[in-house]
There are 2 protein chains.
Amino acid sequence: MPHDSRTPIPPARPRRADARRNYDRILAAATAAIAEQGADASLEEIARRAGVGSATLHRHFPSRQRLLEAVFRDKVEALCATAHDLATDPEPGQALVTWLRAVARHASSNRGLAASLIQGAQDGDPALGDTCHDLIVNAGRELLDRACQAGAVRPGISISELLKLVNAISLATEHEPDAADQADRLLDLAVSGVRPA
Amino acid sequence: MPHDSRTPIPPARPRRADARRNYDRILAAATAAIAEQGADASLEEIARRAGVGSATLHRHFPSRQRLLEAVFRDKVEALCATAHDLATDPEPGQALVTWLRAVARHASSNRGLAASLIQGAQDGDPALGDTCHDLIVNAGRELLDRACQAGAVRPGISISELLKLVNAISLATEHEPDAADQADRLLDLAVSGVRPA
DNA sequence: TACGATATGGAGGGCCACCCCGTTTTCGCA
DNA sequence: TGCGAAAACGGGGTGGCCCTCCATATCGTA
């Protein structure tokens, strides 16, 4: 973990009590709104729900992506922890697949997560330090490398590709009523391939 | 083809000359704008470019999805024709994969197409008659059935899933500089599966 | 308590989708 | 050819969104 963890992501320096309070309120409101409406929930409504002015929201989170990063931070860290646990699994190939399924499951039950990860992959904002996207890619790389060395995975596959695929699936199924099922089926399809064994 | 083709999609009845003229102008402007900016291009700007009022655009195309349907109609029909040609290919499995690649290629070179197809899958507007989504699903079904009967494809895979996967890939890679390459690689990954042969 | 640094939020600008309704254009028919 | 009704148009209004400015309020401390 490249950054000196202790506080989450934006804890530049000692902040005033009201600032921290508003930060927390915004985060809570954003979490709720994004769960209901997805990654493109209205920032104004989030501010309204949090009981702050929209300027305050924008001061704490200069971009939508920053807000998403903060909202999903702990979910992503949980996935990284899962990856770490699976890294000693006796069956590296199975471990990788299990983890990819866990990623998809998280994305299905946390609207906006997939969008956030894909988005994070695309703009590679250097001011963001360790983004959720970076964290999860690094966590997954371990699993993929082990699976590859064990011969359980075709060579030439990168972890970025694999995760992009998983997130693409989650994103495309997010609006369906049976999102989790569909995502699961599509992931299975992608992992097993189209042709028969 | 369930609907009595002759005129494109919305030609309810004899329209006045100016109406048809504006319709065509809007379609041309939309095609250009969507190619540049993707499926969420500004409708107002499209109207502006077409030299019509925004009300006129909304009258001809009551929803964004309708506009997308019209813009991509011929591309989709071309894909359906390709499917038809491939339906007599001596290698059904290969034919299916070739066609899926063609779908991905079209999506890469026609920004917004994937979004339109996925969106069309989701709202299943009954007032739309044969949507692009329906057309392409029906065209693909033939290919999948043949491939399945030939034993070239695992059973239990539906054409909807397969196309959703392809479109998800296209959508997720659309904003990357090397979109077509990435889409190709991801599709290959999905078709071949993760495990070694 | 008083002061400077920090944080706030209402107001406003620019953009957008969508609709209302007075005006203009078209076209069939006399 | 000319006319009147039906069809189509589009300016402008409404409300929403994102984002910024800056006058004001709050906090922490000397």
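The shown structure was predicted, so the numbers you read here are calculated from the model rather than taken from an experiment. Below, chains carry the letters A, B, ... as their sequence lines are ordered, and counting in each starts from 1.
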Return the value, rounded to whole Å, for the distance between atom CD1 of B:I46 and atom P of D:dG10.
16 Å
D:dG10 P sits how many Å from B:F61 CZ, rounded?
14 Å
Rounded off to whole Å, could you give me the CG-to-C1' distance for the A:L57 and C:dG9 pair?
12 Å
So, does B:N22 get its side chain near the phosphate of D:dA8, meaning an N or O under 4.0 Å from OP1 or OP2?
no
Which heavy atom in B:R195 sits nearest to a heavy atom in A:V191, and how many Å separate them?
NH2-CG1, 3.4 Å
Which whole-number value in Å describes the distance from B:H60 NE2 to C:dA17 C1'?
17 Å
Rounded distance (Å) that lies between atom P of C:dG9 and atom CD1 of A:I26:
9 Å
How close do B:F72 and B:L113 get, heavy atom to heavy atom, and via which atoms?
CZ-N, 3.4 Å
Pair A:D134, A:T131 - check side chain to side chain donor-acceptor pair (under 3.5 Å), show working.
CA-CA 5 Å; A:D134 293 339; A:T131 62; 3.2 Å; yes
Would you kindly confirm whether B:V166 and A:I118 end up in one hydrophobic cluster when ILVMFWY residues are joined by side chain heavy atoms under 4.5 Å apart?
no
In whole angstroms, how far is the P atom of C:dC15 from the CD atom of B:Q37?
13 Å
Stepwise salt bridge (charged side-chain N to carboxylate O under 4.0 Å, His left out) check, A:K164 with B:E176:
CA-CA 12 Å; A:K164 192 168 299 184; B:E176 312 275 346; 3.2 Å; yes
In one Ile/Leu/Val/Met/Phe/Trp/Tyr side-chain cluster, 4.5 Å: B:L171, B:V137:
no
Report the C-alpha distance between B:S170 and B:N167 in whole Å, list the side-chain angles of each, state the deciding distance to 0.1 Å, and finish with yes or no for side chain to side chain donor-acceptor pair (under 3.5 Å).
CA-CA 5 Å; B:S170 299; B:N167 285 320; 4.9 Å; no
Atom OH of A:Y23 to atom C1' of C:dT6: distance rounded to whole Å?
18 Å
Roughly, in whole Å, what's the span from CZ in B:R20 to C1' in D:dC9?
18 Å
Give me, pair by pair, the N or O atoms of the protein and of nucleotides 17-20 of chain D that are less than 3.5 Å apart, along with how far apart they are.
from	atom 1	to	atom 2	distance (Å)
D:dC17	OP1	A:S42	OG	3.4
D:dC17	OP2	A:R48	NH2	3.4
D:dC18	OP1	A:L43	N	3.2
D:dC18	OP1	A:R64	NH2	2.7
D:dC18	OP2	A:S42	OG	3.3
D:dC18	OP2	A:L43	N	2.9
D:dC18	OP2	A:E44	N	3.1
D:dC19	OP2	A:H58	NE2	3.1
D:dC19	N4	A:E44	OE2	3.2
D:dC19	N4	A:S54	OG	3.3

Criterion salt bridge (charged side-chain N to carboxylate O under 4.0 Å, His left out) on B:R64 and B:D40, from CA distance to verdict:
CA-CA 8 Å; B:R64 179 181 294 273; B:D40 48 0; over 6 Å; no
Show me the protein contacts with nucleotides 28-30 of chain D, counting only N or O atoms at under 3.5 Å.
from	atom 1	to	atom 2	distance (Å)
D:dG28	OP1	A:A17	N	3.2

Pair A:E36 + A:R49: basic N to acidic O under 4.0 Å
yes
